[in-house]
Chemist: 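Questions regarding the structure given below will be posed in turn.
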Number of protein chains: 2
Amino acid sequence: MDQVQRRKKGASAPTMIDVARTAGVSIATVSAYMNRSARVSDELTRRIEAAIGAIGYERNAIARSLKTGATHTIGLTVADIRNPFFTDVVATIQQVLNSAGYAVMLCSSDENTARQDEQIKLLLDRMVDGLIIAPAGDDAVMTRLVKSTRKPVVLIDRLNAGLDVDAVVIENATAVFEVIRYVIDLGHRRIGFVSGPSVASTGRDRLAGYYEALRHAGIGFDQMLVCNGNFREDDGYRAAMRLLTQPDRPTAIFSANNLMVIGALRAIRDLGLSCPDDVSVACIDDFSWADVFSPQLTAVAQPVKEIGEQAARLLLERLSGVAPPEPRLVRLQGELMVRGSCAPLS
Amino acid sequence: MDQVQRRKKGASAPTMIDVARTAGVSIATVSAYMNRSARVSDELTRRIEAAIGAIGYERNAIARSLKTGATHTIGLTVADIRNPFFTDVVATIQQVLNSAGYAVMLCSSDENTARQDEQIKLLLDRMVDGLIIAPAGDDAVMTRLVKSTRKPVVLIDRLNAGLDVDAVVIENATAVFEVIRYVIDLGHRRIGFVSGPSVASTGRDRLAGYYEALRHAGIGFDQMLVCNGNFREDDGYRAAMRLLTQPDRPTAIFSANNLMVIGALRAIRDLGLSCPDDVSVACIDDFSWADVFSPQLTAVAQPVKEIGEQAARLLLERLSGVAPPEPRLVRLQGELMVRGSCAPLS
DNA sequence: TTGTATGCGTTATCAG
DNA sequence: CTGATAACGCATACAA
């Protein structure tokens, strides 16, 4: 069909053809102008710009994507969008990627691997150019999904054994080791551990740090002192309840993340106990408000900003092809913030 | 070009043509099968499914969108993704929209109208099917952007005078009125107000509720008791500092949102004061952990879940065309959570 | 420099 | 019920 005799002037949005027609140039020239892919004479440039302004043309990113194969959109799934840790990371990733010209499609799997898999499928289906994943856990479907895509993928927060992709994590075992050692130094011997799920590398690594600290201090390991959770507030509550209602209850409780520590504190309150007088508490993940509310939580602050920046950087490098072929693993350090929620044991 | 003699088997992802070829059917039949748009015989269905499995075909959403004009993606911009209020709303919107088959593209404007406008442009450019906006503020560019798009738009949290679109907000003035009345009933007369920006309807409405409560109680209005902020933590800190360092300092401080109240509490601490002994504190926006940390904040809990659900519902109704032509305004009620951060004034 | 023609992967129309 | 073919809006070799 002739490019001139179209566009009934009513229905749909103006296209490049309309611009070409009203500017009296060819569609290729308009395209060249839009992409600065070739020099367009000043005269035509002027006419094209006038035409664009007149009919309010905006280029259709879908058609453009179909042609170029790139959407300039990246997918981001996190285990829990309500978790301030992820929120902070997301905010940074967002900023970096946006200023690099990418939009971000965000999904939260709510610590549910089935939902996570669906969302990764959704994202891949939407033809994102790349993927940043904070995995809810290692699961076979996701592994297969990620392996079978040719899009660059960056893992954050948690590793997945079966995946050879770029990743940004913190030294979880080391971080926990340090906190537990600090608690032990305060005189505590019976230290309860509210653990994350073993399907998550963070769950496993943080528990490992706990064991290591105990062994290092020569403290025997008591199976009753470890309770599993799924990183949610309720899990922390239940775990702390179980820990604190046993005969020889722990004098300190460590929570493997921020949400569970709130649950644990609620359990402490519901049992009529107080922190740090009756039970010392520490955790991984800092709160921005930790210094203004009591108990002022002793916690390991994760370098959220840097995690986000590094993740975005790794992805951007892959997208622009300047990354080396082998996967890169960035390991960051947490920082122990000693506050008032752990008391010395007399 | 003949649909059979293509696909060099190496490079790009398999297309419908490949499926048609390996299944020995026509491309239209494959399409009919994929969309269930027409009955396909059992025999062909079987062959198509086998082919899809064999070559690992996945339908290209970009091409599909180009053809159908729908992306099944909706854009969502919030004023601040780090604010738990927005996070909660986002999480709900996400869930509802996802289960309706839509993906969500999220942007955070960080209370910056310029960034917000860019992001709305970005989203519209990505051809989202609809938009949910928590405006950083009324600004002309956004108003024009929203007005000129034919995509359905839903506003949440904040209204924009110039826009005749669906919206979900809470009764801000009423909510503040109630809190302030409660504080007045405790005996307070000098009540500082840490306000949001006047470019945001929430900023204006909440301040109006404050004035109304004072007038209702016959308390004179003192210009020195109101400090403007931009809903960020730092603003709350600065505002509270100014309020509490004046000669006849207020006995109570009300913060127009959650982030600023944390700043205010930090200021109180830095001044060597304590809450609620020296200064009572209340705010809009509840915290999930408010009951386990001291001071236990008295606050108005916004119905975050319902805000998200209603916003998603309004948008979905527009998308499916079952909505009435005129814009709908959903006004929800906040709930005053009385805790311990406000003390009676002897 | 500027214009023409073709294809990206689907969907949809219309014959068979 | 199935098959061929024309768009969807843009980019891009290639021709002029």
Side-chain angles (χ1 to χ4, degrees), chain A residues 1-8 11-21 23-48 51-52 55-72 124-127, chain B residues 1-8 11-48 51-52 55-72 124-127 129:
Chain A
M1 184 191 296
D2 190 340
Q3 58 172 263
V4 174
Q5 64 184 94
R6 313 184 48 262
R7 180 117 189 90
K8 304 222 182 45
S12 55
T15 78
M16 226 154 112
I17 297 178
D18 301 297
V19 176
R21 197 191 40 150
V25 301
S26 93
I27 170 174
T29 308
V30 179
S31 177
Y33 163 79
M34 302 257 13
N35 305 317
R36 283 110 180 84
S37 58
R39 261 208 62 75
V40 176
S41 72
D42 291 352
E43 163 62 10
L44 292 199
T45 296
R46 206 187 45 69
R47 268 156 56 191
I48 289 171
I52 288 176
I55 66 178
Y57 168 73
E58 277 171 40
R59 103 148 139 337
N60 183 325
I62 299 292
R64 186 184 162 79
S65 291
L66 180 59
K67 191 62 189 163
T68 63
T71 56
H72 284 274
L124 254 16
D125 186 65
R126 288 294 186 297
M127 304 276 127
Chain B
M1 181 191 297
D2 191 339
Q3 57 173 268
V4 175
Q5 64 185 92
R6 311 183 51 261
R7 181 119 186 88
K8 305 224 182 46
S12 56
T15 79
M16 227 155 107
I17 297 178
D18 300 298
V19 176
R21 196 192 43 152
T22 64
V25 301
S26 93
I27 172 177
T29 308
V30 179
S31 178
Y33 163 80
M34 301 254 22
N35 304 317
R36 283 113 181 83
S37 58
R39 262 209 61 73
V40 176
S41 71
D42 291 351
E43 163 61 10
L44 291 200
T45 296
R46 206 187 45 69
R47 268 156 57 191
I48 290 171
I52 288 176
I55 66 178
Y57 168 73
E58 277 170 42
R59 115 146 132 337
N60 182 326
I62 299 291
R64 185 184 163 81
S65 291
L66 179 59
K67 192 62 191 165
T68 62
T71 55
H72 284 274
L124 253 17
D125 185 64
R126 288 293 187 297
M127 305 276 127
D129 289 348

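Worth saying up front: this structure is predicted, and the values here are computed from it rather than measured. Reminder, nothing fancy here: chain letters follow the sequence lines and each chain counts from 1. Just so you know, these numbers use all the heavy atoms, side chains as well, and skip hydrogens, waters and symmetry mates.
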Chemist: Walk me through it: do B:Arg46 and B:Asp42 pass the test side chain to side chain contact (heavy atoms under 4.5 Å, CB included)?
Modeler: CA-CA 6 Å; B:Arg46 206 187 45 69; B:Asp42 291 351; over 6 Å; no

Chemist: CD of B:Glu58 to CG of A:Asp125: how many Å apart, nearest 0.5 Å?
Modeler: 7.0 Å

Chemist: Roughly how far apart are B:Ile62 CD1 and A:Leu66 CG, rounded to 0.5 Å?
Modeler: 7.5 Å

Chemist: Rounded to the nearest 0.5 Å, what separates atom OG in B:Ser65 from atom CG in B:Asp129?
Modeler: 7.5 Å

Chemist: How many Å lie between CZ on B:Arg46 and P on D:dT2, as a whole number?
Modeler: 13 Å

Chemist: Output the distance between atom CE (B:Met16) and atom CG (B:Asn60), rounded to the nearest 0.5 Å.
Modeler: 11.0 Å

Chemist: What is the separation between atom CG on B:Leu66 and atom P on D:dA11, rounded to the nearest whole Å?
Modeler: 12 Å

Chemist: Just call it for A:Val40: base, sugar-phosphate, or nothing, with non-hydrogen atoms closer than 4.0 Å on any strand.
Modeler: sugar-phosphate

Chemist: Distances under 3.5 Å between protein N/O atoms and the N/O atoms of nucleotides 10-14 of chain C, please, pair by pair.
Modeler:
residue	atom	partner	partner atom	Å
C:dT10	OP1	B:Tyr57	OH	2.7
C:dT10	OP1	B:Asn60	N	3.1
C:dT10	OP2	B:Met16	N	2.7
C:dT10	O5'	B:Tyr57	OH	3.4
C:dT11	OP1	B:Asn35	OD1	3.3
C:dT11	OP1	B:Arg59	NE	3.2
C:dT11	OP1	B:Arg64	NH1	2.5
C:dT11	OP2	B:Ser31	OG	3.1

Chemist: Using five base pairs at each end to define the local axes, how bent is the helix from C:dT1-D:dA16 to C:dG16-D:dC1, to the nearest 10°?
Modeler: 40°

Chemist: Show the numbers, then the answer: is there a side chain to side chain contact (heavy atoms under 4.5 Å, CB included) between A:Val19 and A:Tyr33?
Modeler: CA-CA 11 Å; A:Val19 176; A:Tyr33 163 79; over 6 Å; no

Chemist: Could you grab the distance from atom CZ of B:Arg64 to atom CE of A:Met127, nearest 0.5 Å is fine?
Modeler: 12.0 Å

Chemist: Distance check needed: D:dG9 P versus B:Asp125 CG, whole Å only.
Modeler: 15 Å

Chemist: Tell me the interatomic distance from A:Ile48, atom CD1, to D:dC10, atom P, rounded to whole angstroms.
Modeler: 13 Å

Chemist: What integer distance in Å separates A:His72:NE2 from D:dA11:C1'?
Modeler: 13 Å

Chemist: Indicate whether OP1 or OP2 belonging to C:dT4 is found under 4.0 Å from a side-chain N or O atom of A:Ser26.
Modeler: no

Chemist: Scan A:Ile62 against the nucleic acid and name what it touches under 4.0 Å (heavy atoms): base, sugar-phosphate only, or nothing.
Modeler: nothing

Chemist: Should A:Val30 and A:Arg59 be marked as a side chain to side chain contact (heavy atoms under 4.5 Å, CB included) after you check the CA-CA gap, both sets of side-chain angles, and the distance that decides it?
Modeler: CA-CA 11 Å; A:Val30 179; A:Arg59 103 148 139 337; over 6 Å; no

Chemist: Nearest 0.5 Å please: distance from the CD1 atom of A:Ile48 over to the OG1 atom of A:Thr29.
Modeler: 6.0 Å

